[in-house]
Protein chains: 2
Amino acid sequence: MNAPDTLTPEPTTLTAQLRRGNLFAEQCPSREVLKHVTSRWGVLVLVALLEGTHRFSDLRRKVGGVSEKMLAQTLQWLEGDGFVLRKSYPVVPPHVEYSLTPLGRDVGLRVQDLADWIELNLSSILQARGEPDRTAP
Amino acid sequence: MNAPDTLTPEPTTLTAQLRRGNLFAEQCPSREVLKHVTSRWGVLVLVALLEGTHRFSDLRRKVGGVSEKMLAQTLQWLEGDGFVLRKSYPVVPPHVEYSLTPLGRDVGLRVQDLADWIELNLSSILQARGEPDRTAP
DNA sequence: GTAAGTACGCACCTAAAGGTTAGTACATGA
DNA sequence: TCATGTACTAACCTTTAGGTGCGTACTTAC
């Protein structure tokens with residue numbers, strides 16, 4: 001099942017592999033992107049922004065527990081990857097709006113799908129965990 | 001700290017919130033599960049196991065860059081959450097097989113969906129990043 | 001007059017993730 | 001006989017994610 005490296009199981013070219021990205025390869029840039037998207041706050045920010053444009057402090061209030069520093073950093077990561085669009089208005093009390101790019105909406109949906117699944121199946125998971133399901137009646 | 005508790009934005013009961021899980025709530029156990037699933041190696045292990053049962057060292061070889069320690073720990077996390085089934089045969093060179101539970105297959109599929117999307121759209125992302133797309137001809 | 005809100009940057013610090021090395025108890029192959 | 005593979009654990013160390021607090025340049029509201 002697990003193929004020794006001597007034989008290439010899939011007939012893909014090197015460039016095709018690079019173009020596609022291969023998460024199993026250690027040095028693949030896709031690992032970085034995955035890290036941003038699945039980071040502790042990245043997930044929550046993406047899901048939050050799926051609901052629409054938010055300002056910085058809106059996000060801060062919505063995502064329970066983020067520090068300002070991490071929120072800023074996460075937004076910069078996601079902006080750098082082309083998932084988030086930052087629009088700042090040069091008014092005197094700062095005003096900045098964050099929204100998702102089309103690319104961001106795409107990942108966001110998949111992340112949300114995962115997040116929703118976990119939320120919905122939480123009690124099953126906790127039961128499997130052996131931790132008595134305290135949510136049960 | 002955040003969100004005045006005085007106003008409840010959504011008319012859900014406390015038990016419903018607990019049963020469902022709410023990732024935006026700081027102390028919700030779903031955060032833990034999400035952490036395991038979206039951890040650096042958790043993602044890759046889940047995707048790898050979707051292809052079928054693997055032995056420890058098969059996984060180690062397949063997932064580029066994992067240390068034995070982290071692989072073991074990740075597998076224990078996922079086993080603890082009821083996503084992974086560990087079957088050990090008490091033979092003299094140790095033999096252990098890892099596979100997904102039905103619950104695990106469910107999350108795995110969503111994680112794979114996300115992973116696949118990133119792999120496929122990698123070059124668009126890298127372009128958005130401003131990093132010249134080195135995969136282009 | 002001052003307290004609060006805005007969107008951060010900077011500096012410092014802790015906790016946790018992650019890596020490295022060694023060791024185990026045998027069996028098989030060179 | 002020595003090396004290698006197996007599935008780990010324990011001890012130790014490094015790196016980084018993440019948190020805390022401070023400052024800012026104003027404005028609005030109390």
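The shown structure was predicted, so the numbers you read here are calculated from the model rather than taken from an experiment. Naming: A, B, ... by sequence-line order, numbering from 1 per chain.
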Item to check | Those residues that, when tested against Asp113(B), pass side chain to side chain contact (heavy atoms under 4.5 Å, CB included) (two or more places apart) | outcome: Arg110(A)
Checklist entry - Which parts of residues 37-54 of chain A get close to DNA chain C, meaning a heavy atom less than 4.0 angstrom away? => result none
Checklist outcome for this item: Residues pairing under salt bridge (Lys or Arg N to Asp or Glu O under 4.0 Å) where one sits in residues 71-85 of chain A, two or more places apart or in two chains, turn out to be Asp81(A)-Arg129(B)
Next on the checklist: For a quick check of understanding: with a heavy-atom distance under 4.0 Å over all strands, which category does Tyr89(B) fall into, base, sugar-phosphate or nothing?
Outcome noted: nothing
Next on the checklist: Per the salt bridge (Lys or Arg N to Asp or Glu O under 4.0 Å) rule, what does the pair list look like for residues 63-73 of chain B, sequence neighbours excluded?
Outcome noted: Arg60(B)-Glu68(B)
Checklist outcome for this item: Residue set satisfying salt bridge (charged side-chain N to carboxylate O under 4.0 Å, His left out) with Glu51(A), at least two apart, ordered chain then number -> Lys62(A)
Next on the checklist: Per the salt bridge (Lys or Arg N to Asp or Glu O under 4.0 Å) rule, what does the pair list look like for residues 93-109 of chain B, sequence neighbours excluded?
Outcome noted: none
Checklist entry - How far does CG of Leu49(A) sit from CG of Leu78(A), to the nearest 0.5 angstrom? => result 8.0 Å
Next on the checklist: Trp77(B): which residues meet the ring pair (Phe, Tyr, Trp, His ring centres under 6.0 Å) condition with it, sequence neighbours left out?
Outcome noted: His36(B)
Which atoms of nucleotides 9-13 of chain D (N or O only) lie under 3.5 Å from a protein N or O atom, and what are those distances?
from: dT9(D); atom 1: OP1; to: Gln76(B); atom 2: NE2; distance (Å): 3.4
from: dT9(D); atom 1: OP2; to: Gln76(B); atom 2: NE2; distance (Å): 3.2

Checklist outcome for this item: In the 5' to 3' direction, the nucleotides of DNA chain C bounding the stretch that comes under 4.0 Å of a heavy atom in chain B are dA17(C) to dA27(C)
Checklist outcome for this item: Walking DNA chain D from its 5' end, the first of Ser67(A) and Arg55(B) to be reached, judged by nearest nucleotide, is Arg55(B)
Report, one line per pair, each donor and acceptor closer than 3.5 Å where one atom sits in a side chain of residues 24-33 of chain A; sequence neighbours left out.
from: Arg31(A); atom 1: NE; to: Leu23(A); atom 2: O; distance (Å): 2.7
from: Arg31(A); atom 1: NH1; to: Gly64(B); atom 2: O; distance (Å): 3.3
from: Arg31(A); atom 1: NH2; to: Leu23(A); atom 2: O; distance (Å): 2.9
from: Arg31(A); atom 1: NH2; to: Gly64(B); atom 2: O; distance (Å): 3.0
from: Glu32(A); atom 1: OE2; to: Lys35(A); atom 2: NZ; distance (Å): 3.3

Checklist outcome for this item: Met70(B) CE to dT15(D) P, in whole Å, measures 16 Å
Every protein N/O lying under 3.5 Å from an N/O of nucleotides 25-27 of chain D:
none

Checklist entry - In whole Å, what is the span from the CG atom of Leu71(A) to the C1' atom of dA17(D)? => result 15 Å
Item to check | Thr101(B) side-chain N/O to Leu85(B) backbone N/O, donor-acceptor pair under 3.5 Å | outcome: no
Checklist outcome for this item: Quick note, ring pair (Phe, Tyr, Trp, His ring centres under 6.0 Å) partners involving residues 102-129 of chain A, not counting sequence neighbours, are none
Next on the checklist: Would you compute the distance between atom CG of Leu126(B) and atom CG of Asn121(B) and round it to the nearest 0.5 angstrom?
Outcome noted: 11.0 Å
Next on the checklist: From CZ of Arg60(B) over to C1' of dG5(D), roughly how many Å is that when rounded to an integer?
Outcome noted: 12 Å
Checklist outcome for this item: Taken to the nearest 0.5 Å, the spacing of Asp58(A) CG from Tyr98(A) OH works out to 11.5 Å
Item to check | Backbone N/O of Gly52(B) and side chain of His54(B): donor-acceptor pair under 3.5 Å | outcome: yes
